[in-house]
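Everything on this sheet refers to the single structure shown next.
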Amino acid sequence: MKHAKLLLAVLLLLLTSGCAGEPLSGRAVVNTLYLDWNTTGWQAVLVYVTSSASADAGQAKPEALVLSGQGATVADALQDAQSASPLTAFYGQNELLLLGPGAQGKAMYEACVYLSNDSAGRPNMAVFGVQTLAEDWQPASGEDRYALLRQLEQAAGESLYTQRLYRLAGAEAGILPCLEVDCRAGTAVPGDTRLFLGGQCAAVWDREATALAALIEGQVRSVSLEASTGRGPVRYTLELPLLGWEPSLDTLTLNARLSGYLKNLTDSGGLIHTGKQELADEIAAQLEETARRITRQTFGQGQDLLRMGFWLRSRDAAACAELERAGRWYDPDRIEWEVRLRAL
């Protein structure tokens with residue numbers, strides 16, 4: 001009986017307090033963090049979820065409220081935003097970091113370094129770029145912003161490539177997937193993907209290049225794409241992609257072989273029933289060229305962002321280190337691509 005009472009007391013404490021013992025009713029549980037930068041400093045928007053006041057608790061509706069702030073540093077902007085409410089910001093459920101147009105360059109790394117060492121950030125939180133400005137979050141009602149949050153979560157889940165805070169913190173290069181967000185319309189969908197080198201946008205990847213990057217990192221197992229072929233635009237689904245890495249220690253090259261099955265080949269006339277394997281070969285050639293292109297744009301620029309060199313280093317770390325000291329490691333020709341697809 002004594003143990004049961006003790007367990008009940010602990011349970012009540014957990015239900016009515018946060019990690020520091022403060023009641024959850026006194027906290028703003030942040031769901032999404034937005035940061036942007038311009039020549040005047042940083043802007044921060046904290047989006048948190050609450051329930052609308054109602055005479056009947058059963059009729060209460062969730063709302064998303066915002067706290068906005070600005071300052072010379074990320075810390076100052078966050079503190080300014082938090083001071084706008086008597087509630088204490090709680091970041092334990094913060095899943096998304098959105099970077100505005102001014103924070104998608106050198107400022108991106110500054111923000112991620114700060115957040116990786118502050119309670120406002122979570123190492124595994126997803127990071128996306130948006131063109132939305134800080135003031136765009138204000139006009140919508142609480143219910144509209146809540147619906148937008150659900151759209152943001154859905155768009156983040158549908159994004160082919162996901163970036164994490166810990167990978168951008170302290171880096172001088174990074175891959176930033178973007179979301180197309182319209183705060184007034186309450187919509188959010190996956191956008192393009194941007195490659196940043198030295199704080200500058202070096203390339204914008206379309207859906208095909210983004211899908212290949214995600215495949216290389218093992219983030220997706222099935223993906224629907226569209227290809228321009230000799231018979232016009234063709235939509236297809238790549239199923240069960242298998243990526244094999246075969247290091248050649250004699251030449252210190254890496255043979256990357258992508259295989260898989262193509263399903264649901266469709267053009268303007270509907271499902272394709274004839275010449276499917278010829279189309280598969282044509283699509284394979286396009287994917288192979290795209291793989292070479294993103295290899296040149298990353299590994300060939302001295303940034304192994306997709307961690308392809310790991311497979312060679314794991315076999316002969318000493319030889320790879322010697323090549324790196326000699327300035328000959330980051331050669332895009334060190335990675336040779338071959339794509340073979342079978343149409344079903």
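Values in this document were obtained by computation on a predicted structure and should not be read as measured data.
Residue T266 comes nearest to L271 through the heavy atom pair OG1-CD2, 3.6 Å, listed as atom of the first residue, atom of the second, then distance. Across all their heavy atoms, L323 and R334 have their closest contact at CD1-NH1, 3.5 Å. Here the closest heavy-atom approach between residue V181 and residue A188 is recorded as CG2-CB, 4.2 Å. Closest heavy-atom contact between G71 and D76: CA-CB, 3.8 Å. In terms of heavy-atom proximity, L215 sits nearest to P241 at CD2-CG, 3.3 Å. What you find for S85 and L67 is that their closest heavy atoms are CB-CD2, 3.5 Å.
Between the side chains of S68 and W137, no donor-acceptor pair of N or O atoms lies under 3.5 Å. Using modelled atom types and a 3.5 Å distance limit, the side chains of W311 and E246 yield no donor-acceptor pair. Using modelled atom types and a 3.5 Å distance limit, the side chains of S222 and E239 yield a donor-acceptor pair. For Q154 and E158, the side-chain atoms include at least one donor-acceptor pair closer than 3.5 Å. A donor and an acceptor atom, one from each side chain of N38 and T40, are located under 3.5 Å apart. Using modelled atom types and a 3.5 Å distance limit, the side chains of E217 and Q219 yield a donor-acceptor pair.
With N117 contributing its side chain and V113 its backbone, the two residues share a donor-acceptor pair below 3.5 Å. For the pair D182 (side chain) and G186 (backbone), a donor-acceptor distance under 3.5 Å is absent. For D136 (side chain) and C183 (main-chain N/O), no donor-acceptor pair under 3.5 Å exists by modelled atom type. Formation of a donor-acceptor pair under 3.5 Å by the Q163 side chain with backbone atoms of I175 is found in this model. Between the side chain of R257 and the main chain of G244, no donor-acceptor pair closer than 3.5 Å is present. Remark: side-chain polar atoms of D36 are paired, donor with acceptor, to backbone N or O of G102 under 3.5 angstrom. In this structure, the side chain of Q200 does not engage the main chain of F196 through any donor-acceptor pair within 3.5 Å. Side-chain atoms of Y34 come within 3.5 Å of backbone N or O of T132 as a donor-acceptor pair. A side-chain donor-acceptor contact under 3.5 Å links D206 to the backbone of A209. Under the 3.5 Å distance criterion, the side-chain polar atoms of Q93 are left unmatched by any main-chain donor or acceptor of N31.
Hydrophobic clustering (side-chain heavy atoms under 4.5 Å, transitive across Ile, Leu, Val, Met, Phe, Trp, Tyr) groups M308 together with L197. Side-chain heavy atoms closer than 4.5 Å link hydrophobic residues (I, L, V, M, F, W, Y) into clusters, and following such links, possibly through other members, connects L160 to L341. Side-chain heavy atoms closer than 4.5 Å link hydrophobic residues (I, L, V, M, F, W, Y) into clusters, and following such links, possibly through other members, connects Y236 to L258. Cluster membership for Y166 and L305, using ILVMFWY side-chain heavy atoms within less than 4.5 angstrom, is not shared.
One finds no salt bridge joining K276 and E278 here, because no Lys/Arg side-chain nitrogen approaches an Asp/Glu carboxylate oxygen to under 4.0 Å.
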Please tabulate, one pair per line, all N/O donor-acceptor pairs under 3.5 Å involving side-chain atoms of residues 223-230, not counting sequence neighbours.
from, atom 1, to, atom 2, distance (Å)
S224, OG, T237, OG1, 3.2
T229, OG1, R231, N, 3.2
T229, OG1, G232, O, 2.7

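Taking the side chain as every heavy atom from C-beta outward, V204 and D192 approach each other to under 4.5 Å. Side-chain contact check for R194 versus C178: some heavy-atom pair is nearer than 4.5 Å. Looking at F128 and S159, their side chains come closer than 4.5 Å, going by heavy atoms from C-beta outward. Between L35 and L97, some side-chain heavy-atom pair lies under the 4.5 Å cut-off. Residues L46 and L78 meet the side-chain proximity criterion, which asks for heavy atoms closer than 4.5 Å.
Both tests pass for R150 against the ring of Y146: distance under 6.0 Å to the centre and angle within 45° of the axis.
R221 CZ: more than 12 foreign heavy atoms inside a 6.0 Å radius. The number of heavy atoms from other shown groups lying within 6.0 Å of CZ (R342) does not exceed 12. Summarising the local packing, CD of Q277 is surrounded by more than 12 heavy atoms from other residues, nucleotides or ligands at distances under 6.0 Å.
Through side-chain heavy atoms spaced under 4.5 Å, either directly or across other Ile, Leu, Val, Met, Phe, Trp or Tyr residues, L344 is tied to L240, Y261.
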Steps toward side-chain contact (heavy atoms from CB on, under 4.5 Å) verdict (L115, L165): CA-CA 8 Å; L115 291 174; L165 177 66; 4.0 Å; yes
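Between Y114 and W42, the ring centre distance reaches or exceeds 6.0 Å.
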